[in-house]
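These notes are about the structure you will find just below.
Letters A, B, ... mirror the listed sequences (proteins, then strands); counts begin at 1.
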Amino acid sequence: MRPRSRVNGEGSVDPAVEAARACLSTSSHPVYNISYLVNAKTRHPSHVFEPANAVSIQDSLDMNTGVGGKGTFSFDLMNGASGGLTGIKVIISAIKGGAARVGMMIAGDMNTNMEVANMNMGMNACSASGSAVIVDISPNPDKGFGSFLFKTFDIYSDLPCRYLDVDNESRKTCGWENDELEEIYVECAAITYEKLLKKERILSTYNAVDFVFATQISPNFMVRLARGLGLPEEMVIDVTGILNGVTLTSSPFIAFDYAMRNNMIKPGMKAAFITVGQGITVGCAMYYC
Amino acid sequence: MNNLQERRRARILHLPIAQARGAGARKTRFESLGVYLPKKILTTSELLARLNRPGDRDLEKITGIRERRVAEGESASDIALSAAQNALKDSRYRPEDIEIIVSTGFPGYENGNKHSGEPCLSARIMNDLNARNAMHFDVANAGAGMFSAIAIVDSMIKSGEVRVGLVASGDTPSRLSWLSRRNKSGEFVDDLLDLTFGDAGAALILDGGAHRDQGLHYLSIFTGAKAFNAGMMRMPSHTALEEIISNSVTHHCRSYDLTWPVFKEALDRTEWSLADVDVFIPYQASRHLIRKGKQVIERGFNEKLDRIFVENVERYGHTASASSFIALHESILSGRIDQGSRIVFDLSAPGYIMGMATYTMDDLPVRYRGRYAVGY
């Protein structure tokens, strides 16, 4: 897994491409090894819904384009803020199922009009960002991703949805109450995290992980999440200060990148990825460094 | 795969050896099929009359599309949900047995021009079906969306991660016919693609088939990622009427170059000859394009495909992602596809995306016709 970080730019495609290039630049895999490309996104840039944005990203990366190459299967995946983590899960399944050897998940979040969005949503304005992760088979069975768990709390399905009104180019939410919503996010994340630990046969939350890389919603949310998981605040990596707004599907990997760049991650450490978005859908995964 | 390879695969994938051995051999099957077609039928002449452009092109002759279904007051997820509910009616599985739901089709646009970013549409399907144990997400890959979703669930079943999955597609592209006929200058867009669409939904419940000689033998999808703006569509907004930037001719010319080799490889990998194939279901775009693809394959084999060829655009138009399964539905009901039938599916989409799938039917046709016989 080789995530790379946020880039500046508008539209979810450009940041995703830049992140993918950065990721490939340090990978042992040449671009033509990538046979499975998942583009996790939360909306259609410029309202283009056909073909998949993954196609133009694949073209920008010159990844097995044209006829007669090794071939890449690329598509867009949407699962709100859990899209990136879902994409990694899908790639791992493809590897286990024999459909791919090496896959790449790219995640892009966008906001075409930060001014309007900031006006409408305050802290919930989305920042343009991208991240990319190359997934292959770990040579060491004790390292790499462990279990994944995705849970949708349908009792909260009536809570606000985040939608884009094409007619006036603005994002809107209905009944959005940040404080209340963050509390619910934390509650759902804690339940799912506990189930993940059980799935991994980790009996105690104490020392269960060294770090948590979560959806970067707000500084307040990161603190709440740490408390909700029963962890010290410093174990939940907070990069909201450098992101200039919410990042959704790309954000846990930006936080992971931040930790790697700052030499916080050491071999043998355990990390949990936790994503929360509306639905309410929570994604959790364990990663052994 | 020899023993050494099996052991190595088991070790690196962290799987029990038996499961590693089974990966690639276990077949995914269509346990249940559901389709949903909106009730409203719109003929091509009615469509042209509503566009106030009657007679400028013989659209019916060019496309072979006499009529299509048009959703009225139904969104893409309504249609996908209805198809999923139909699939569940004849399934031996209950909603709570479903472990993964992948929704595809006309992605994200609900209730007019509102694009739902979060939650994804599959969350609604999960909630409305009460499939509370399922993980879920949406996939967008144009007309190849349904097969892309099948490929994802197929991998999960083969790897033993899930037993039962649901793939549901809801397409409402016909609305583009009304929204995108003029470009920013107010001129009519001289492209026929947006007039070919019909609305439809399809859903499949997938599981690991009991018989190794039945089910999904082969599914290959690759993305050429060239000419990706041929066939590009964007949702227009009424503040700036934007055209569908489509050049279906460019897209399909590129596809034709690949149709025969991709078809041939599918047969070779399944160890079938052309004579083994009972039914070929091409991607249903328009009669002209379907038949051009057919001719390319016929030239490659130096043999006519009439015996195995299925075409239904006349009645439903270009139903995008769901189109292959509307054709499957009709072929089963007509008795053309029966238990043991060997089927080749062709998939194609802008991007350009090409692929083929080979499939041998289990008893689904018998069960499916039985369901309709009792007044489904």
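In this structure, the ring of F73(A) has its center no less than 6.0 angstrom from the ring center of F222(B).
No other option in G283(A), A94(A), G83(A), A99(A) has as many heavy-atom pairs under 4.5 Å with chain B as A94(A). Comparing S148(B), A134(B), A123(B) by how many heavy-atom pairs each has under 4.5 Å with chain A, the most go to S148(B).
S122(B) and S103(B) are not linked by any side-chain donor-acceptor pair at a separation below 3.5 angstrom, with hydrogens and angles left out of the test.
The two atoms that bring A54(A) and F75(A) nearest to each other are CB-O, 3.4 Å, heavy atoms only.
If you measure heavy-atom distances from F148(A) to chain B, you find no contacts under 4.5 Å at all.
A donor-acceptor distance shorter than 3.5 angstrom exists from the side chain of R21(A) to the backbone of S60(A), with no hydrogens or angles considered.
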